Amino acid sequence: MEPSPLSQRARNVLGSANSLMWDIMRNPWCPTTKPDGYVNVGVAENALMHEDLLAYINMQLTLPAKYLTYNDGAIGAERLRRAMAAFLNKHLHPVQPLTTDHLLVTNGVSSAIEHMSWAFTDPGEGILLGRPYYGTFIPDMSVRPGAKVIPVDFHDCDPFSLEAVDCYERALLDFQETTGRKVRAVMLCHPHNPLGRCYPRETIIHLMRLCQKYQMHLISDEIYALSVWDNTIDADPAPVAFESALSIDTTGIIDPGLLHLLWGMSKDFGANGIRLGVIISQNNPVLLDAIKGVSLYTYSSSVSEHLAALILEDEEFTTRYIQLNQQRLSESYAFAAQYLKNHGIEYATGANAAFFLWVNLGRKYRELHPEETAALGDDIGEKVMEVLLQRKVFLASGFLFGSEKSGWFRIVFTHPREYLEEALRRIVLALDDC
């Protein structure tokens with residue numbers, strides 16, 4: 001007897017999980033115990049501060065019995081939301097100070113993104129997302145909520161410029177004319193993954209005006225807000241200082257009920273495994289009430305909440321931690337960027353935030369193998385990925401990040417020097433392989 005068929009929505013995602021990435025994560029390189037393992041610079045994790053954070057946690061953490069219970073409920077413990085509000089008030093400088101009532105905690109920012117898509121769109125309605133983008137935005141917003149993610153093409157326009165806002169409007173009008181459906185939101189990654197740049201204040205204001213014009217929500221994912229650093233090696237375009245969307249006075253620009261922010265512990269504290277995110281909406285209580293109704297499904301661990309509260313409440317530690325993290329980010333970026341320069345590999349310059357170098361490995365591979373690549377066309381990215389995996393080094397493919405041109409990849413540079421150097425060495429060897 002054949003098994004019962006899956007639902008259509010389950011069949012739609014069969015085989016969509018990135019099994020390659022999980023296989024690679026289960027087979028990590030170690031110079032002594034597993035020299036034939038994979039060097040993974042494709043996953044957005046910051047390992048530069050692990051020892052410092054662990055030393056603090058192991059000295060501070062004790063668990064009362066309360067944290068073996070359901071704690072204060074599924075929207076986040078009162079203590080944690082109070083600590084988050086105080087911490088983010090200090091670092092994001094919101095015009096309207098945050099309170100616990102503005103925050104709803106989730107088990108990671110992916111869950112927060114899915115909540116926002118579910119709350120703002122009916123199946124088939126649109127959310128605008130500029131290219132290139134963080135690849136997992138697509139399933140986060142579409143797989144279960146059913147939203148249609150609309151990639152925005154910029155061609156030769158700088159995606160951080162005022163002119164880029166016109167590209168968002170053209171994509172909106174084309175989608176609505178083609179489908180007859182509404183566009184409900186703009187998803188902004190600020191600072192940007194994978195380009196590592198911050199949006200200028202004026203560009204954010206223009207995006208706010210666009211959202212006001214079409215009554216769309218502006219969702220600013222600021223998960224890299226504090227991972228901003230000095231670029232000492234390239235400054236064209238000139239790096240832009242980070243300013244939170246909440247630090248902009250929206251009077252006369254956008255209905256404040258259309259502005260929302262996401263943040264979490266994963267990136268700024270190099271702790272993806274804590275699995276804590278937060279939705280911030282200061283002027284849309286109906287949104288938070290709606291998400292409360294499904295918050296049981298993104299209930300964060302009481303232990304994680306206790307640990308995060310311990311960290312965020314310690315102002316002396318967090319100030320010192322953030323400063324040291326930013327220094328190490330700057331140094332690690334400079335090392336990786338100089339390595340690429342020395343080997344003639346093009347990368348997108350002007351970054352000053354997050355963990356990424358956006359690199360054109362396809363161009364370098366073509367230079368080294370002109371006869372082989374003459375007939376490849378837009379398949380150059382697939383060929384480069386093939387040779388990278390042969391060398392047991394994993395990068396995020398620009399294809400999965402909506403790159404407008406083939407051959408671009410994302411390198412995560414936030415690894416200890418020995419690990420990063422091994423990754424870069426393997427990348428250069430892979431490109432040079434016959």
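As the structure is a computational prediction, the values presented were derived from the model and not from experiment.
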Scan side-chain atoms only and decide if [X] and [Y] contain a donor-acceptor pair under the 3.5 Å cut-off.
| X | Y | result |
| --- | --- | --- |
| Thr318 | Lys90 | no |
| His93 | Ser247 | no |
| Gln327 | Glu331 | yes |
| His115 | Thr298 | yes |
| Tyr199 | Glu243 | no |
| Tyr321 | Asp268 | no |

- Query: ring-ring contact (aromatic ring centres under 6.0 Å, His included) with Tyr224: which of Trp229, Tyr134, Phe355, Trp263?
  - Reply: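 Testing each of Trp229, Tyr134, Phe355, Trp263 against Tyr224, the sole residue satisfying ring-ring contact (aromatic ring centres under 6.0 Å, His included) is Phe355.
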- Passing candidate, ring-ring contact (aromatic ring centres under 6.0 Å, His included) with Tyr419, options Trp29, Phe413, Tyr38: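 Among the candidates, only Trp29 passes.
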- Item | Verdict with supporting geometry, Ser111 and Asn107, side chain to side chain donor-acceptor pair (under 3.5 Å) | CA-CA 6 Å; Ser111 297; Asn107 57 358; 2.6 Å; yes
Would you call [X] and [Y] a salt bridge, using N to O less than 4.0 angstrom?
| X | Y | answer |
| --- | --- | --- |
| Arg425 | Glu421 | no |
| Glu125 | Arg181 | no |
| Glu114 | Arg144 | yes |
| Asp52 | Arg328 | yes |
| Asp153 | Arg131 | yes |
| Lys148 | Asp122 | no |
| Glu372 | Arg366 | no |

- Query: Can you find a pair of side-chain heavy atoms, one from Ile150 and one from Leu172, that are under 4.5 Å apart?
  - Reply: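 Counting from C-beta outward, Ile150 and Leu172 never come under 4.5 Å.
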- Check: Phe137 and Ser142 side chains under 4.5 Å, non-hydrogen atoms: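 No, their side chains stay 4.5 Å or more apart.
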Between [X] (side chain only) and [Y] (backbone N and O only), is there a donor and an acceptor less than 3.5 Å apart?
| X | Y | answer |
| --- | --- | --- |
| Arg426 | Lys392 | yes |
| His206 | Glu202 | yes |
| Lys182 | Gly126 | no |
| Asn89 | Leu98 | yes |
| Glu346 | Lys364 | no |
| Glu222 | Ala245 | yes |
| Asn272 | Met265 | no |
| Asn46 | Gly270 | no |
| Thr203 | Phe160 | yes |
| Asp234 | Gly350 | yes |

- Message: Does Arg197 form a salt bridge (charged side-chain N to carboxylate O under 4.0 Å, His left out) with Asp158? I'd like the steps, not just the answer.
- Response: CA-CA 11 Å; Arg197 292 169 60 190; Asp158 180 354; 3.0 Å; yes
Which pair of non-hydrogen atoms, one from [X] and one from [Y], has the smallest distance, and what is that distance?
| X | Y | answer |
| --- | --- | --- |
| Phe409 | Gly381 | CZ-O, 3.5 Å |
| Ala185 | Ile219 | CB-CD1, 4.1 Å |
| Gln326 | Leu226 | NE2-O, 2.8 Å |
| Leu310 | Leu61 | CD1-CD1, 3.9 Å |
| Ala47 | Pro416 | CB-CD, 4.0 Å |
| Ile311 | Phe269 | CG2-CE2, 3.7 Å |

- Message: Apply side-chain contact (heavy atoms from CB on, under 4.5 Å) to residues Leu92 and Leu261 and explain how you reach the verdict.
- Response: CA-CA 11 Å; Leu92 299 187; Leu261 187 136; 4.1 Å; yes
- Message: side-chain contact (heavy atoms from CB on, under 4.5 Å), that's the test. Do Met216 and Leu128 meet it? Break it down for me.
- Response: CA-CA 10 Å; Met216 298 184 293; Leu128 294 170; 4.2 Å; yes
- Using the six-membered ring wherever Trp is involved, compare the ring planes of His217 and Phe120 and label them parallel, tilted or perpendicular (cut-offs 30° and 60°).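 Ring orientation of His217 relative to Phe120: parallel.
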- Which of parallel (below 30°), tilted (30 to 60°) and perpendicular (above 60°) describes Tyr339 and His343?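 Aromatic pair Tyr339/His343 classed parallel.
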- Task: Tell me, with the steps shown, if Phe154 and Val152 meet side-chain contact (heavy atoms from CB on, under 4.5 Å).
- Result: CA-CA 7 Å; Phe154 298 108; Val152 177; 3.9 Å; yes
- Axial cation check for Phe401 ring with Arg410, 6.0 Å and 45° limits: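 Here Arg410 fails the 6.0 Å and 45° test against Phe401.
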